[in-house]
Number of protein chains: 2
Amino acid sequence: MEGMPAIDARKERILRAIIDDYVQTAMPVGSRTISRKYETNLSSATIRNEMSDLEELGYLAQPHVSAGRVPSVMAYRLYVDELLEGSVRQDAQAREYFSQRVRQMEDVITSAAQAISEITRYTAVVMMPKQLELRVSCLQLVPMPRGSALLVIVTDTGAIRDTVIKVSENLDGDALYAISRMLTERLSGRTLQEVQEMLGAYSRLAGSDARVIEGIADLASQMEKQSATDTVTVGGSHNILNYPEYSDVEKARAFLSVLEHKDRLMQLLSGTDSAFTVRIGPETGVPEMADCSVVTASYRVGAGHKGFVGVIGPTRMPYGKVLSALSAVGGALSDLLGE
Amino acid sequence: MEGMPAIDARKERILRAIIDDYVQTAMPVGSRTISRKYETNLSSATIRNEMSDLEELGYLAQPHVSAGRVPSVMAYRLYVDELLEGSVRQDAQAREYFSQRVRQMEDVITSAAQAISEITRYTAVVMMPKQLELRVSCLQLVPMPRGSALLVIVTDTGAIRDTVIKVSENLDGDALYAISRMLTERLSGRTLQEVQEMLGAYSRLAGSDARVIEGIADLASQMEKQSATDTVTVGGSHNILNYPEYSDVEKARAFLSVLEHKDRLMQLLSGTDSAFTVRIGPETGVPEMADCSVVTASYRVGAGHKGFVGVIGPTRMPYGKVLSALSAVGGALSDLLGE
DNA sequence: TGTTAGCACTCTCGGTCGTCGAGTGCTAAT
DNA sequence: ATTAGCACTCGACGACCGAGAGTGCTAACA
């Protein structure tokens, strides 16, 4: 009675070769291919025996009896876990991406998503954690032509929001600055919610327009609303069309429609503690993504809050490259957004 | 010897019915369909005769002998020209879209693109004309936590650009305002290019940081570069997958790749004088878009400069609805961006 | 003269069938 | 333990065929 075959070094090499080849070609890998391209001193028959063992062990699967083998979720996992052990090399290309001007949280987030998607050629997702308790640090009116002014609110975490409001034509730059000073003095240190509540009482402040107050109220309520929800951005969503597993339009559409619903997207990203997570196929928990993998890296932003950057692509994916790209972008984000 | 059949009222009704049906179903329309759904008092045989005439006239085409008829480019054009005659009804839904906060040109443009794509369910493109000779109107530094400041530049056309720069920790709000005033005084009225050139000379200004100067130089050069090129944004690009004519992934990808190249996109939009333009199929001049139509509306922004809003979709398109949506959004844009 | 019923004809679509080839598993030889 | 050889399996692909949709034409009819 034979026991379960053990997985030795050679089996591992072969498994690795199969994964690599499959990642490249997206076609089931046959024994001949391995024997010629990877293990040139072994015959196809030997490889066949090994492959048969690997299948018994659960690392390979055959779409049908006379096709080659395809790596199973277990195989990817083995491979990925191994990658996760070693430190992930930082990708220089990724860091360069952020030399551009960055404006505020949202801008950073979206350019991160674009950067990742361009580097990896997959779909990228970036999540910014919700920030409760944003406090106003400064508030300023910048004169604009034709009776307008730009109202800028800066919070203690460095988030910036602005909007154009109408003001009296006879307020010049200095007058606006005086108003700004006064408002900053009274409102700084308050949370956005407090600011909102306090504004009612101010509507008759000397020298200030009711319209200014209104503008601030609007802006404060918007910031408050936005800061209370997680923000999530997608980049390069149609990169998915580059991969043959999505040459079925229905599949592609299902995929894209998941991306359009923030809540379903959150499901893919959230709920992990470690720096890197890889969910393969069914592990994603979203049926439409059954043959996708989701790779995420977390980055720190300020006091213990964590955001995620991630890549969604076919299960066959060069996990090594993806991980290093994510790690680089995550690092850059931490630098930019962290305290 | 029979002459060319004339196009009478009934032929026109039938043609219209065929277009309507084809727009809905994307399937060649047969004579029976028309006789049952649209012209219930005529038999299919009669319709057949009429259709045969319409084909001879060039308004219909048959994909193959035993399929129904499909409207030709000429048919659409007839129909569209008729639409263009009458005034295009404004679409209420579109106007609502802009009640949101709008920040600056680019924001307006992108939300316009999104609005159009959501309303029409097609791909939307919005172009903002290049603005030469932008002049600085105001320039202000807003204090931020941790030795940063937000540098805001406002131009005479109301374009806003900002960036975060580092400044000496010991500059407080008033000091920053003093610098802002001084800079505004010296730089306002200058074009961005002039500002850029002048900044070299200022690097030793009393009380101001070299870093501030540097920040302004950066920002000015970016604004200058951006204002010299046309800006174009795409919204809802993957709406295209909703239409059966793009159930071929290769086609869809070709379509999307055109959208990714700004220059090819410009080709689709530019070069028209009238308020509305409809280019059908080959008229677009871009081979990948051979079975698309491009509908554009122009909007005025300030002194004679024109921008375009457009929709790209399959040639069978409810042109009436699309035109009214575009007209509404175009109007809103003129209001928001015009002088 | 315009409309309609009838009919033969054409062409696509969907399914079935048979061939081809890639790949396997097993056995026997090395 | 490895490998050559061979029979076998199964999907991909092209050929083929029948059904159905739609046409054009003709002849009858109002």
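Only heavy atoms go into these numbers, but all of them, side chains included; no hydrogens, no water, no symmetry mates. All chains are named by letter (A, B, ...) in the order of the sequence lines, taking the proteins before the strands, and each is independently numbered beginning at 1. Small disclaimer: the values here were computed from a predicted structure and weren't measured.
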| said: Counting C-beta onward and ignoring hydrogens, is there a side-chain heavy-atom pair between B:V70 and B:Q62 closer than 4.5 Å? | reply: no
| field | Whole-Å distance separating the CG atom of A:D21 from the P atom of C:dA22 | value | 16 Å
| message | Tell me which residues in residues 22-49 of chain B lie within less than 4.0 Å of DNA chain C, going by non-hydrogen atoms. | response | B:N41, B:L42, B:S43, B:A45, B:T46, B:R48, B:N49
| query | To the nearest angstrom, how far is A:E56 atom CD from C:dC26 atom P? | reply | 11 Å
| note | When rounded to whole Å, the CD to C1' distance for the pair A:Q62 and D:dC10 reads 11 Å
| Do B:V232 and B:M266 have side chains that get closer than 4.5 Å, going by heavy atoms? | yes
| message | How many whole angstroms separate atom CE of A:M51 from atom P of D:dT3? | response | 15 Å
| remark: Letter by letter from the 5' end, nucleotides 9-15 of chain C scores (B base, S sugar-phosphate only, - none; protein heavy atoms under 4.0 Å) -BBS---
| said: Is the shortest side-chain heavy-atom distance between B:V286 and B:R264 below 4.5 Å? | reply: yes
| field | Nearest-Å distance for atom pair CD1/C1', residues B:I18 and D:dT23 | value | 13 Å
| task | Can you tell me the distance, in whole Å, between the CG atom of A:L54 and the C1' atom of C:dT24? | result | 15 Å
| Where the side chain of B:R10 is defined as all heavy atoms beyond and including C-beta, which of C:dG25, C:dT3, D:dT23 is the nearest nucleotide? | C:dT3
| note | Taken to the nearest whole Å, CG/A:D53 to P/C:dG25 is 10 Å
| Sidechain N-carboxylate O distance under 4.0 Å for A:E82, A:R16 | yes
| said: Under 4.0 Å from OP1 or OP2 of C:dA22: is there any side-chain N or O of A:R69 that close? | reply: no
| message | Could you report the tightest heavy-atom contact between B:S237 and B:L256, atom names first, then the distance? | response | O-CD2, 3.7 Å
| said: Is any side-chain heavy atom of A:R77 closer than 4.5 Å to one of A:E283? | reply: yes
Would you list the protein and nucleotides 15-19 of chain D atom pairs, both N or O, that sit under 3.5 Å from each other?
none

| Does a side-chain N-to-carboxylate-O contact under 4.0 Å join B:R316 and B:E245? | yes
| field | B:R13, B:R69, B:R10 screened by salt bridge (charged side-chain N to carboxylate O under 4.0 Å, His left out) with B:E50, the one that passes | value | B:R10
| query | Are side-chain N/O atoms of B:S324 and B:S327 paired as donor and acceptor at under 3.5 Å? | reply | no
| remark: side chain to side chain donor-acceptor pair (under 3.5 Å) test vs B:S293 passes for just one of B:Y122, B:Y76, B:Y319, namely B:Y319
| task | Only one of A:I312, A:T315, A:V311 passes side-chain contact (heavy atoms from CB on, under 4.5 Å) with A:C292; say which it is. | result | A:I312
